[in-house]
Amino acid sequence: MFVVMRTGATEAEVIGVKALILDEGLTPFENVGVDRTLIAVVGEIGKRREPLKARLEGMSGVASVALISKPYKLVSREFHPEDTVIRVLDAVVGDGSLSVMAGPCSIETREQLLETADFVAAHGATILRGGAFKPRTSPYSFQGLGVEGLRYLAEARERTGMPVITEVMEPSQVDIVAEYSDILQIGTRNMQNFSLLLACGRSSRPVMLKRGFGATIEEWLMAAEYIASAGNSQIIMCERGIRTFETTTRNTLDLTAVPLMHHLTHLPVVVDPSHATGKRWLVKPLAIGGVAVGADGIMVEVHPNPDEALSDAEQQLDFAQFETLMGALRAVHEHVRDLHGDLMHSEGVAAAPVASVNGAA
Ligand code: PEP
Ligand code: MN
């Protein structure tokens, strides 16, 4: 549930409400809006719901108390109707602009990373990606350069001014990755690694949470709730394809997830067409598709010589392909940016066109 404070409620009244919540062994989370403050009540409320609601309703400064219908609370649009906008250095994710996270699958050498960073920065990327700790299916495959790779990432940031993102695979790595990287990435295989989610939730760095390849939309949102419940609501959701019966592509990109996420949560959503398809030639059409359905950004793998890459050789774009992709994405984004509007946020409006299409069929 969450408490809606009256417009102009005093600080003392807000503190009073929070104190009551804490007294119950629950946690208050504040969302300070333009003209009123909302306070979410988070924890195992159980049978206390009705009496607690009544007590909160009776408190000074409280306008109303509403129940959140979804199992995820802090990441829900019900509690936080405004879009979350994430700012890292000069990059902004979720403000209607198009974020492009580009770079190699794995950081292989200093030269490979810096060369890629220079190229993608010059051609419109806003965030540099590169894996230092790699979650590989085989223990005999290249596992990444580890901390050495993190140092190259930091050097690339100094050189290009772009913030950097890299994967963190376990709780014990969070501090070192956060020391070098501006954004922490949680990979598909770790989406339900709850101790990692909580450790990233205690970090002051924004987190990008990839969808588990076998996760439902609700499980993905509940994973984000773990991060938010630990105190970090700077979360970017990344749709990177899920496993279906289809084997022609590496995964099946679920583009429905983009408008659905925008409807259910205030968090920005990006699409990763590289891991979704596993095939270089499919990256551009699906990146275009992601932007067309309203994604806040794209994550794409780029390598100076993809065929020689130590990981994901078949899906990484070469420089010329990245440049072509950027031209296409800019055009699509320019075209669609004002088309979505409330369609993504309102049930009634969203349902209308679908119903008429079905009706016509
Ligand atoms: C990656 O982006 O480096 C990666 C391993 O992706 P995923 O977790 O989506 O497989
Ligand atoms: Mn990869």
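Just follow the structure's listing: the first ligand is 1, and inside any ligand the first atom is 1. Note that these values count all heavy atoms, side chains included, but never hydrogens, waters or copies made by symmetry.
- When all heavy atoms are compared, the tightest approach of Cys105 to Arg129 is O-NH2, 2.8 Å.
- Considering backbone and side-chain atoms alike, Glu167 places every N or O at 3.5 Å or more from each N or O of ligand 1.
- Here the angle centred on the Mn ion (ligand 2), running from NE2 of His275 over to OD2 of Asp312, is 90°, rounded to 10°.
- Proximity to Gly187 (heavy-atom distance under 4.0 Å) selects the following atoms of ligand 1: 8 (O).
- The aromatic rings of Phe2 and Phe79 stand perpendicular to each other, their planes meeting at an angle above 60°, with 30° marking the opposite boundary.
- When only interatomic distances are considered, the shortest N/O to N/O separation between Asp272 and ligand 1 does not fall below 3.5 Å.
- In this structure, the protein non-hydrogen atom closest to atom 4 (C) of ligand 1 is His275 NE2, 3.5 Å.
- Hydrophobic cluster membership differs between Ile127 and Val168, with clusters built from Ile, Leu, Val, Met, Phe, Trp and Tyr side chains linked at under 4.5 angstrom.
- For ligand 1, the polar-atom distance check against Gln185 finds a nitrogen or oxygen pair separated by under 3.5 Å.
- For the 3.5 Å distance criterion, the side chains of Gln192 and Glu219 fail to qualify, holding no donor opposite an acceptor.
- Atom OE2 is the N/O/S atom of Glu301 found closest to the Mn ion (ligand 2).
- Checking Gln143 against Arg136 by side-chain atom types alone, no donor-acceptor pair falls below 3.5 Å.
- The option from Arg136, Arg129, Met299 that lies nearest to atom 2 (O) of ligand 1, judged by heavy atoms, is Arg129.
- When each atom of ligand 1 is checked for a heavy atom of Lys134 under 4.0 Å away, the hits are 3 (O).
- Side-chain atoms of His303 and Glu108 form a donor-acceptor pair, as typed in the model, at a separation below 3.5 Å.
- Taking a 4.0 Å cut-off on heavy atoms, Arg211 fails to register as neighbouring ligand 1.
- With hydrogens and angles ignored, the 3.5 Å screen pairs a side-chain donor or acceptor of Asn193 with a backbone N or O of Leu196.
- Those atoms of ligand 1 with a heavy atom of Arg240 less than 4.0 angstrom away are 7 (P), 9 (O), 10 (O).
- Counting only heavy atoms of the protein, atom 8 (O) of ligand 1 lies nearest to Thr188 N, 2.8 Å.
- The closest side-chain heavy-atom distance from Val65 to Val4 is not below 4.5 Å.
- Residue Lys210 has at least one heavy-atom neighbour below 4.0 Å for each of these atoms of ligand 1: 1 (C), 2 (O), 4 (C), 6 (O), 7 (P), 8 (O), 9 (O).
- Phe322 and Val270 end up in different hydrophobic clusters when Ile, Leu, Val, Met, Phe, Trp and Tyr side chains are linked at under 4.5 Å.
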